[in-house]
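Reviewing the structure listed below.
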Amino acid sequence: MANIKKNRLKDEVAFRRFLPLVSITLLGVFLLMFLLRINSNFATPSSDDFSQVLTNRSHARHMLSLPKQTEFSLQLEKRNQMPPRNLDLYPSLDKDHITIVLYVHNRPQYLKVAVDSLSRVVGINETLLIVSHDGYFEEMNKVVEGIRFCQVKQIFAPYSPHVFPNSFPGVSPTDCKEKDDATKKHCKGTPDQYGNHRSPKIVSLKHHWWWMMNTVWDGLKETKDHSGHILFIEEDHYIYPNAYRNLQILTELKPQKCPHCYAANLAPCDVNARGEGWDSLIAERMGNVGYTFNRTVWRKIHRKTTEFCFFDDYNWDITMWATVYPSFGNPVFTLRGPRTSAVHFGKCGLHQGQGEAKACIDNGMVNFQVEEIDTVANIHSDWEVRVFEHQPGYKAGFKGWGGWGDKRDHQLCLTFAQMYHS
């Protein structure tokens, strides 16, 4: 019996001596796996190893219930992994650059005007321009591929309804249309609050914006660790030459001048306004023309995914104004200058303005004037801030314009928010 106890004791002592070695070995293995995972996140897939990337994403899609991708959708996703162009012309970015994201649909005449205005922006060569496409349209692609004034990266929404002509999120043969009764017609779909079934062309607006936001902030290797601000503009925004320099000043002044401001804006929230011309800064409700915010604000928005995805309105901006911002618990102000640095010039909404005859740019012309004062930074650091406390617009309690009632759209929206967090 004594020998048995002795042997057990020896075994226990040997095990205790061996235990640290095992622990260190396991720790080393886990550390190696972690480092390999980080390196893989920063590596740009080549054509040889992209199949493995797609395999991993296929598993993620299955886990997240993303739609089964078409061959074209997979091709677009592959293009999203490509590095920015013009690296030979602009090999590095300015240390404190503000990334610019231009999100576009299918209005090439508009895009040409927007790109031409960007080419004249002072400091544009210091930053990265990301162009987010709602699907793929060759004429839009050609305009972007012609950009030579800065680093430019294109991303294409691989789950855009425009990429799925015969299945969700595009048009499915079994989908209900307009005010169809699903029970009587034996069709698929959930109507909105007004009894209307989904229109892929319309819901793509909100899907694209939400996919783009999640991808830019959390999915792209070029921006997922970007600690500064990101500027968001659209294809029907004309950007003044002083916009970038003014924005740099605003984002620097915001913490001191308006610590309760969530963002900085290039233009008034009233798209028809051109500013007051005062010698002061303006704090007002957040506008949808040239808005700029940082990762802290994005995290607050992302935490309101449920509010965003279930609000019955196909407009991303109205959804933000009517349900997301009010859920923050305090007014959401943005800081801007007293004179606009960006203008919304589109006369047509949605995806109109696609050809010479259909372009809706004030009867074919950009009908506003850029003066000398708009070519250089015109915001002063010693200005005080005027706060517009009560402004008209969509607020909490507004029930939405509809167009966003289908449960499949809700689920896809929720899934976009989890793509890079699973």
So, T415 side chain and L66 main chain: donor-acceptor pair closer than 3.5 Å or not?
-> no
Side chains of Y420 and N214, donor plus acceptor under 3.5 Å | no
Could you tell me how the ring of W316 sits relative to the ring of W209: parallel (under 30°), tilted (30 to 60°) or perpendicular (over 60°)?
-> parallel
Are a donor atom and an acceptor atom from the side chains of E178 and N196 found within less than 3.5 Å of each other?
-> no
Have H421 and D218 got a donor and an acceptor in their side chains that come within less than 3.5 Å?
-> yes
Side-chain donor/acceptor of E284 to backbone N/O of C269, under 3.5 Å | yes
Within a radius of less than 6.0 Å around NZ of K177, do more than 12 heavy atoms belonging to other residues, nucleotides or ligands occur?
-> yes
Mind checking the CD1-CG spacing from I155 to N80? Nearest 0.5 Å is all I need.
-> 6.0 Å
What's the verdict on side-chain hydrogen bond (donor to acceptor under 3.5 Å, both in side chains) for S204 and Y314, showing C-alpha distance, side-chain angles and the deciding distance?
-> CA-CA 8 Å; S204 72; Y314 66 89; over 6 Å; no
For N378 and N246, run side chain to side chain contact (heavy atoms under 4.5 Å, CB included): C-alpha distance rounded to whole Å, both residues' side-chain angles, the deciding distance at 0.1 Å, then the answer.
-> CA-CA 7 Å; N378 54 17; N246 273 351; 2.9 Å; yes
Does the pair E126 and K95 meet the rule for a salt bridge (Lys or Arg N to Asp or Glu O under 4.0 Å), with working shown?
-> CA-CA 9 Å; E126 301 171 6; K95 181 183 177 182; over 6 Å; no
Evaluate the ring planes of W210 and H302, with Trp represented by its six-membered ring, and classify them as parallel (under 30°), tilted (30 to 60°) or perpendicular (over 60°).
-> parallel
Between F311 and F398, how do the two ring planes meet: parallel, tilted or perpendicular, split at 30° and 60°?
-> tilted
The side-chain contact (heavy atoms from CB on, under 4.5 Å) partner of I130 among L220, I230, I100 is L220
Go through the side-chain N and O atoms of Q248 and R245 and say whether any donor and acceptor fall under 3.5 Å apart.
-> yes
Within the side chain of S172, is there an N or O that forms a donor-acceptor pair under 3.5 Å with the backbone of T174?
-> no
Polar side chain donor-acceptor pair, H197 to D175, under 3.5 angstrom = no
From I282 atom CD1 to R339 atom CZ, the distance as rounded to the nearest 0.5 Å | 13.5 Å
For K206, which of T319, N315, D317 qualifies under side-chain contact (heavy atoms from CB on, under 4.5 Å)?
-> T319
Please report the closest heavy-atom contact between G170 and R198, naming both atoms and the distance.
-> O-NH1, 3.2 Å
Rounded to the nearest 0.5 Å, the OG atom of S381 sits from the CD atom of E252 at a distance of 8.5 Å
Using 30° and 60° as the class limits, which term best fits the ring planes of W401 and Y394: parallel, tilted or perpendicular?
-> perpendicular
Sub-6.0 Å ring centroid separation between H260 and F333 | yes
Below 4.5 Å, heavy atoms only, C-beta onward: do L111 and L102 meet side chain to side chain?
-> yes
Do K153 side-chain atoms and M82 backbone N/O form a donor-acceptor pair below 3.5 Å?
-> yes
With a cut-off of 6.0 Å (strictly less than), are more than 12 heavy atoms of other residues, nucleotides or ligands near NZ of K407?
-> no
Geometric cation-pi criterion K224 and W217, 6.0 Å radius, 45° cone | no
Write down the atom of H208, the atom of A157, and the distance for their closest heavy-atom approach.
-> CD2-CB, 4.1 Å
Is the distance between the ring centroids of H105 and H162 less than 6.0 Å?
-> no
Decide yes or no on side-chain hydrogen bond (donor to acceptor under 3.5 Å, both in side chains) for N242 and T375, but give the supporting numbers first.
-> CA-CA 5 Å; N242 65 0; T375 62; over 6 Å; no
Taking C-beta and beyond as the side chain, do Y110 and K112 meet within less than 4.5 Å on heavy atoms?
-> no
Write down the atom of E307, the atom of R303, and the distance for their closest heavy-atom approach.
-> OE1-O, 4.5 Å
Find out whether P67 and P169 are in side-chain contact, i.e. whether some heavy atom of one side chain is under 4.5 Å from a heavy atom of the other.
-> yes
Crowded around E371 CD? As in, over 12 foreign heavy atoms under 6.0 Å?
-> yes
N86: what forms a side chain to side chain donor-acceptor pair (under 3.5 Å) with it, not counting sequence neighbours?
-> none
Give a yes or no on whether the ring-centroid distance for F164 and F72 is below 6.0 angstrom.
-> no
Grab the two heavy atoms, one from N141 and one from R79, that are nearest each other, plus how far apart they are.
-> OD1-NH2, 3.6 Å
Is it possible for you to check whether K179 lies under 6.0 Å from the centre of the six-membered ring of Y194, through NZ or CZ, and within 45° of that ring's axis?
-> no
Just how far is it from atom CZ of F345 to atom OG of S117, taken to the nearest 0.5 Å?
-> 7.0 Å
Using a 4.5 Å cut-off on heavy atoms from C-beta on, say whether the side chain of F168 contacts that of K188.
-> no
Just wondering, are more than 12 heavy atoms of other shown residues or ligands nearer than 6.0 Å to CD in E372?
-> no
Evaluate side-chain hydrogen bond (donor to acceptor under 3.5 Å, both in side chains) for D134 paired with Y103, printing each intermediate quantity in order.
-> CA-CA 8 Å; D134 185 9; Y103 50 106; over 6 Å; no
Once you round to the nearest 0.5 Å, how far does CG of L247 lie from CZ of R336?
-> 14.0 Å
Is the Y291-F232 ring centre distance short of 6.0 angstrom?
-> yes
Side-chain heavy-atom pair H237, I239 within 4.5 angstrom cut-off | yes
Main-chain N/O of C309 paired with W404 side-chain donor or acceptor, under 3.5 Å = yes
Are Y262 and F328 close enough that their ring centres sit under 6.0 Å apart?
-> yes
Audit row: H207, S160, side-chain hydrogen bond (donor to acceptor under 3.5 Å, both in side chains) steps and yes/no = CA-CA 7 Å; H207 277 312; S160 167; over 6 Å; no
Under 4.5 Å between any side-chain heavy atoms of M419 and W211, yes or no?
-> yes
Rounded distance (nearest 0.5 Å) linking atom OG1 of T296 with atom NZ of K300 | 9.5 Å
Verify side chain to side chain contact (heavy atoms under 4.5 Å, CB included) between M286 and N265, making sure each step is shown before the conclusion.
-> CA-CA 7 Å; M286 194 163 166; N265 255 87; 3.9 Å; yes
Using atom types as modelled and distance alone, determine if a side-chain donor or acceptor of R295 lies under 3.5 Å from a backbone N or O of H226.
-> yes
Should N106 and M140 count as side-chain neighbours, where that means a heavy-atom distance under 4.5 Å?
-> yes
So which heavy atom on I379 is nearest to which on G337, and how close?
-> CD1-CA, 4.0 Å
Are any non-hydrogen side-chain atoms of E77 and Q69 less than 4.5 angstrom apart?
-> yes
Would you name the heavy atoms of G189 and D406 that are closest together and state the gap between them?
-> CA-OD2, 3.3 Å
